[in-house]
Participant: 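Let me give you the structure first, and then I'll get to my questions.
Nothing here was measured: the structure is a model prediction, and the numbers come from that model. Just so it is clear: chains get the letters A, B, ... in the order the sequence lines come, proteins before strands, and each one is counted from 1.
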Amino acid sequence: SQTIHQWPATLVQPVGSPLSLECTVEGTSNPNLYWYRQAAGRGLQLLFYSVGIGQISSEVPQNLSASRPQDRQFILSSKKLLLSDSGFYLCAWSPRTGGWNEQFFGPGTRLTVL
Amino acid sequence: LAKTTQPISMDSYEGQEVNITCSHNNIATNDYITWYQQFPSQGPRFIIQGYKTKVTNEVASLFIPADRKSSTLSLPRVSLSDTAVYYCLVGPISSGSARQLTFGSGTQLTVLP
């Protein structure tokens, strides 16, 4: 069966510090991968998605970036965090041939920027 | 992009059937309707998906009228553990169109004892 991992689970960082969140998927090949952010009490905002190694599409202009160095690894990064980067970050995957409608989400990372 | 409108919140009691309606007046011909459930501090979980008429699985039913401008998620005999946020999404099934996946604010369902 497929599983998706995210770490760390929680993170408290000062403004201006760098960020690296990692997501890995097991049990499937060539997945579509996604990064979402959820602000408190709000819906999910799609940040990035990837259909293959090295292929990243950005949905929202921001100081965040994403990379996919391996087929089942997706990394969210920032060089300098802003207060507005606080939120709940979720990684998700979907089968390459199944489309985007059914996505499987990881446990998330709670980021607090102080 | 088809915009969706859902009630912000709903209350129900244990054992009752709950119906959450989503409006999507601008749904396109190739759009599907998908519902997700999210518990606090967890990622959303896929519940059900449909194109027209009725779809039923072990968790819920999805009713879609002929004009497809709305849909209703039906949860039979809810329990306290069904308290969660429910999201309605509309968009095409296409691996290359992830940009069209939009989660709104969802509906906060609270099940009371």
Side-chain angles (χ1 to χ4, degrees), chain A residues 2-6 9-10 21 23 25 28 30-52 55-61 66 68 74 87-112, chain B residues 1-9 20 22 24 27-28 30-51 55 57 59-60 62 64 71 73 84-108 110:
Chain A
Q2 301 88 5
T3 55
I4 179 169
H5 305 278
Q6 284 187 247
T10 60
L21 303 181
C23 169
V25 181
T28 187
N30 304 314
N32 294 323
L33 296 172
Y34 311 83
W35 276 113
Y36 291 87
R37 177 172 58 200
Q38 186 172 35
R42 307 288 294 276
L44 279 74
Q45 179 185 37
L46 178 63
L47 301 175
F48 301 95
Y49 70 95
S50 172
V51 298
Q55 301 179 60
I56 309 294
S57 296
S58 175
E59 288 296 297
V60 181
R68 186 170 177 175
F74 207 21
F88 190 44
Y89 287 82
L90 288 156
C91 180
W93 74 275
S94 66
R96 179 62 55 82
T97 57
W100 61 261
N101 298 62
E102 184 167 3
Q103 294 187 10
F104 302 89
F105 285 81
T109 295
R110 180 79 57 190
L111 172 65
T112 303
Chain B
L1 299 179
K3 181 180 177 180
T4 60
T5 303
Q6 304 174 234
I8 294 175
S9 63
I20 306 174
C22 179
H24 27 79
I27 190 168
N30 59 342
D31 283 346
Y32 281 70
I33 300 155
T34 311
W35 286 81
Y36 280 79
Q37 174 192 58
Q38 186 180 25
F39 297 112
S41 297
Q42 293 186 27
R45 181 176 72 101
F46 173 91
I47 300 177
I48 197 167
Q49 177 177 284
Y51 184 80
V55 179
N57 61 23
V59 177
L62 179 60
I64 305 168
S71 58
L73 175 71
V85 177
Y86 292 82
Y87 295 97
C88 167
L89 286 76
V90 172
I93 292 182
S94 171
S95 61
S97 300
R99 64 180 64 244
Q100 296 184 36
L101 180 61
T102 302
F103 284 82
S105 298
T107 297
Q108 171 66 58
T110 302

Participant: Looking at every non-hydrogen atom in both residues, tell me the closest pair between G43(B) and L90(A) and how far apart they are.
Facilitator: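 Closest pair (atom of G43(B), atom of L90(A), distance): CA-CD2, 3.5 Å.
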Participant: Please classify the contact between R42(A) and chain B as side chain, backbone, both or neither, with a heavy-atom cut-off of under 4.5 Å.
Facilitator: backbone
Participant: Can you say whether Q45(A) sits under 4.5 Å from chain B via the side chain, the backbone, both, or neither, judging by heavy atoms?
Facilitator: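 For Q45(A), no heavy atom lies under 4.5 Å from chain B.
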Participant: Using every non-hydrogen atom in the two residues, find where Y87(B) and Q38(A) come nearest and quote the distance to one decimal.
Facilitator: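 For Y87(B) and Q38(A), the tightest heavy-atom pair comes out as OH-NE2, 3.0 Å.
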Participant: Any side-chain heavy atom of Q103(A) sitting closer than 4.5 Å to one from L89(B)?
Facilitator: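 A side-chain contact is absent here, since even the closest heavy-atom pair is not under 4.5 Å.
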Participant: If you take all heavy atoms of Q38(B) and L44(A), which pair is closest and at what distance?
Facilitator: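 Minimum heavy-atom separation between Q38(B) and L44(A): OE1-CD1, 3.8 Å.
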